[in-house]
Every structure is written in C-alpha cells, then in structure tokens.
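Note sheet for the following structure.
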Amino acid sequence: MQKKPFRLITIPISHYCEKARWALTKLKVPYVEEPHMPPFHLLATSRVGGKLTPVLITEAGTFTDSTDILKYLDDIAPANAKLYPIDPKLRQKVEELEELFDEQLAPATRQWGYFHIMNNSKLIQQSWCKGVPFFERAFFPIVFPTVRSMLRNRFNITPESAAQAYEQIKSIFAQVDEILADGRAYLVGDSLSAADITFAALAAPAVAPPEHPSGRTNLQELPPKMVAEINAFRETPAGAYVLRLYRDRHRD
C-alpha cells in the first residue's frame with residue numbers, strides 16, 4: 001500500500017498534465033505536484049526515466065504517459081470510482097475516444113494556442129512559471145527566446161498549421177456535439193470517465209474555462225482573433241460541456 005503521496009512532475013500549462021491532475025483529484029489520491037517550465041522539466045523527468053510530462057512517480061512504479069497514468073489510477077480505484085467502465089463495450093468506446101482526443105485534439109489545441117500567444121512573453125511566462133522553482137522563473141527571460149524557437153520547429157507552429165489546427169478542433173468538437181445530441185450527461189455511460197476527463201483537459205486551451213488551474217481567465221489579455229475563436233468554441237455543445245465539467249469539478 002502506498003505510504004507516501006504520489007509525485008506528479010508537470011509543466012503547469014500542459015493539457016496532458018491537466019488530464020493526469022484531474023484524474024488524481026477526482027479519485028482523491030494524495031499527490032504532490034512538482035511543476036517546471038521548459039526546458040527545466042527535463043532535469044526532473046530524466047532523473048526518473050522519463051522525458052516528457054506528465055510523469056507520475058509511485059511506489060509501484062513510474063508512469064510517463066497521461067493515458068498510462070489514468071489506467072494505473074483506474075487499477076487502484078475502488079469499484080464505484082473507475083475511470084474506465086467495467087463493461088467491455090463501454091470501455092472500448094472510452095478508450096477509442098481517449099485515443100482520438102490524445103492523438104488529434106491535443107496536438108491541434110496546442111498548435112493553435114501557441115500560435116496565438118507565442119510572441120507574448122508575458123502570457124507565456126504566466127503560463128509556464130506558475131509554481132515553478134524560483135531559479136526557473138529567474139531564468140525565463142534568458143531561455144525563452146531559444147525555447148520559443150525550438151517549440152516553433154518541434155510543433156511546426158506557422159499561420160498555415162494554426163489554421164489547419166483550428167479546423168481540426170472544429171471537427172473534433174462537431175463529433176462531440178453529435179455524441180451529446182441525445183442529451184446524455186457524459187460521453188460514455190452514466191458517470192464521468194477517462195473520455196470526459198481527456199476531452200475537457202485537452203480541449204481547455206480552446207475554451208479557456210475560468211476554473212482552469214492555470215488561472216488564465218482574463219480573455220482581454222489574449223489576441224482578439226483568439227478571443228473570437230474561444231467564444232465561438234464556447235457556444236458549441238462540446239464547448240459548453242467542457243465549461244460544465246470544469247464548473248462541476250471546481251464544486252467537487
């Protein structure tokens with residue numbers, strides 16, 4: 001039995017980290033978050049055999065992928081709090097949606113979001129540096145230009161790719177709109193599952209929920225075009241669903 005709180009290594013603004021964070025809080029699993037800004041997160045993750053974030057460190061092992069984290073947490077969760085349904089058909093639906101959101105929605109919201117704010121060092125600093133060690137915050141002005149260039153190359157952040165990402169987000173939202181059209185409360189089954197957590201966390205950059213842990217709630221600081229697109233996403237059934245899940249999570 002786990003004697004110490006889990007350790008969760010994160011980049012504060014990462015939506016994959018938010019996915020893991022949400023699952024931990026939903027299951028009321030004691031954990032300590034260790035936030036780092038890029039590229040300093042690599043110093044922390046490399047020590048435990050990981051590279052990207054999130055990394056969850058437990059006495060049972062180290063998990064270096066958000067989906068692996070959720071599946072491990074599901075394994076240790078009580079029967080009435082599972083993240084994946086016991087019914088095989090429902091579980092398959094949850095896993096298919098989780099993969100869709102992980103592989104298609106997450107890269108699109110990241111690419112779209114970074115395109116809009118990448119040149120605003122103030123916004124990036126707010127997003128990257130919340131809760132990180134003092135020396136990382138102190139080094140932000142020095143490392144940011146280099147890291148920004150690296151991210152642009154790694155994630156192919158261009159006007160053309162951002163436009164494609166925007167269309168991809170709209171496409172995924174339309175699919176979720178269709179799922180929710182029958183009035184169901186959750187994407188699969190009768191309770192919050194890994195599919196809901198994954199969608200809400202990975203869609204958050206496009207909807208900007210006020211309750212998001214990043215604390216970025218002032219839309220007036222964002223570029224006007226980005227704000228217009230956020231408002232349009234919020235007006236869709238999928239966007240409204242994300243906002244509801246964040247409100248419900250905040251109340252829990």
Is the backbone N or O of [Y] less than 3.5 Å from a side-chain atom of [X], with the two atoms forming a donor-acceptor pair by type?
{"X": "N153", "Y": "M150", "answer": "no"}
{"X": "D74", "Y": "L83", "answer": "yes"}
{"X": "R234", "Y": "L243", "answer": "no"}
{"X": "E136", "Y": "M37", "answer": "yes"}
{"X": "H15", "Y": "A106", "answer": "yes"}
{"X": "R184", "Y": "I179", "answer": "yes"}
{"X": "R21", "Y": "L24", "answer": "no"}
{"X": "Q111", "Y": "F155", "answer": "yes"}
{"X": "E229", "Y": "A206", "answer": "no"}

Can you tell me how far the [atom1] atom of [X] sits from the [atom2] atom of [Y], to the nearest 0.5 Å?
{"X": "R91", "Y": "I86", "atom1": "CZ", "atom2": "CD1", "value": "9.5 Å"}
{"X": "Y84", "Y": "L73", "atom1": "OH", "atom2": "CG", "value": "9.0 Å"}
{"X": "Q175", "Y": "F101", "atom1": "CD", "atom2": "CZ", "value": "8.0 Å"}
{"X": "L187", "Y": "L180", "atom1": "CG", "atom2": "CG", "value": "5.5 Å"}
{"X": "F144", "Y": "S149", "atom1": "CZ", "atom2": "OG", "value": "10.5 Å"}
{"X": "S193", "Y": "L70", "atom1": "OG", "atom2": "CG", "value": "9.5 Å"}

Quiz prompt | Test log, rule side chain to side chain contact (heavy atoms under 4.5 Å, CB included), inputs N119 and R148 | solution = CA-CA 8 Å; N119 290 325; R148 175 175 57 187; 3.8 Å; yes

So for atom [atom1], which belongs to [X], do other residues, nucleotides or ligands contribute more than 12 heavy atoms lying within a distance under 6.0 Å?
{"X": "E99", "atom1": "CD", "value": "no"}
{"X": "K26", "atom1": "NZ", "value": "yes"}
{"X": "F134", "atom1": "CZ", "value": "no"}
{"X": "D190", "atom1": "CG", "value": "no"}

Quiz prompt | Any side-chain donor near an acceptor of the partner, E96 and Q92, under 3.5 Å | solution = yes

Between [X] and [Y], what is the shortest heavy-atom contact and its length?
{"X": "T53", "Y": "C17", "value": "OG1-SG, 3.4 Å"}
{"X": "A44", "Y": "H36", "value": "CB-NE2, 3.6 Å"}
{"X": "P12", "Y": "P35", "value": "CG-CB, 3.7 Å"}
{"X": "P209", "Y": "A204", "value": "CD-O, 3.5 Å"}
{"X": "A60", "Y": "Y72", "value": "CB-OH, 3.6 Å"}
{"X": "K82", "Y": "A77", "value": "NZ-O, 3.0 Å"}

Do [X] and [Y] belong to the same hydrophobic cluster, where Ile, Leu, Val, Met, Phe, Trp and Tyr are linked whenever their side-chain heavy atoms lie under 4.5 Å apart, directly or via other members?
{"X": "L151", "Y": "L43", "value": "yes"}
{"X": "L100", "Y": "W112", "value": "yes"}
{"X": "I11", "Y": "V32", "value": "no"}
{"X": "L219", "Y": "I169", "value": "yes"}
{"X": "I76", "Y": "I69", "value": "yes"}

Practice problem: For side chain to side chain contact (heavy atoms under 4.5 Å, CB included), just list the numbers for E211 and R249, CA-CA rounded to whole Å, side-chain angles, deciding distance to a tenth of an Å, and then say yes or no. | Solution: CA-CA 9 Å; E211 298 84 3; R249 174 192 178 191; over 6 Å; no

Self-check item: Verdict with reasoning, R7 to E34, per salt bridge (Lys or Arg N to Asp or Glu O under 4.0 Å)
Solution: CA-CA 7 Å; R7 294 171 55 204; E34 300 177 11; 2.6 Å; yes

Quiz item: Taking only residues two or more places apart in sequence, or in another chain, which ones meet K122 in a salt bridge (Lys or Arg N to Asp or Glu O under 4.0 Å)?
Solution: none

Self-check item: L52 vs T45 side-chain heavy atoms within contact, under 4.5 Å
Solution: no

Quiz item: Do L56 and D68 come close enough that some side-chain heavy atom pair is under 4.5 Å?
Solution: no

Quiz prompt | Row check, F40 ring normal vs R137 NZ/CZ: under 6.0 Å, within 45° | solution = no

Self-check item: Counterpart residues, side chain to side chain contact (heavy atoms under 4.5 Å, CB included), relative to D102 (two or more places apart)
Solution: Y16, K19, S66, T67, E98, T198, L202

Quiz item: Which of parallel (below 30°), tilted (30 to 60°) and perpendicular (above 60°) describes F199 and Y241?
Solution: parallel

Quiz item: Should the pair F173 and F233 be assigned to parallel (<30°), tilted (30 to 60°) or perpendicular (>60°) ring geometry?
Solution: tilted

Quiz prompt | Trace of the side chain to side chain contact (heavy atoms under 4.5 Å, CB included) decision for K71 with E95 | solution = CA-CA 10 Å; K71 289 186 174 179; E95 291 178 339; 3.6 Å; yes

Quiz item: What's the verdict on side chain to side chain contact (heavy atoms under 4.5 Å, CB included) for D196 and V188, showing C-alpha distance, side-chain angles and the deciding distance?
Solution: CA-CA 8 Å; D196 304 293; V188 180; over 6 Å; no

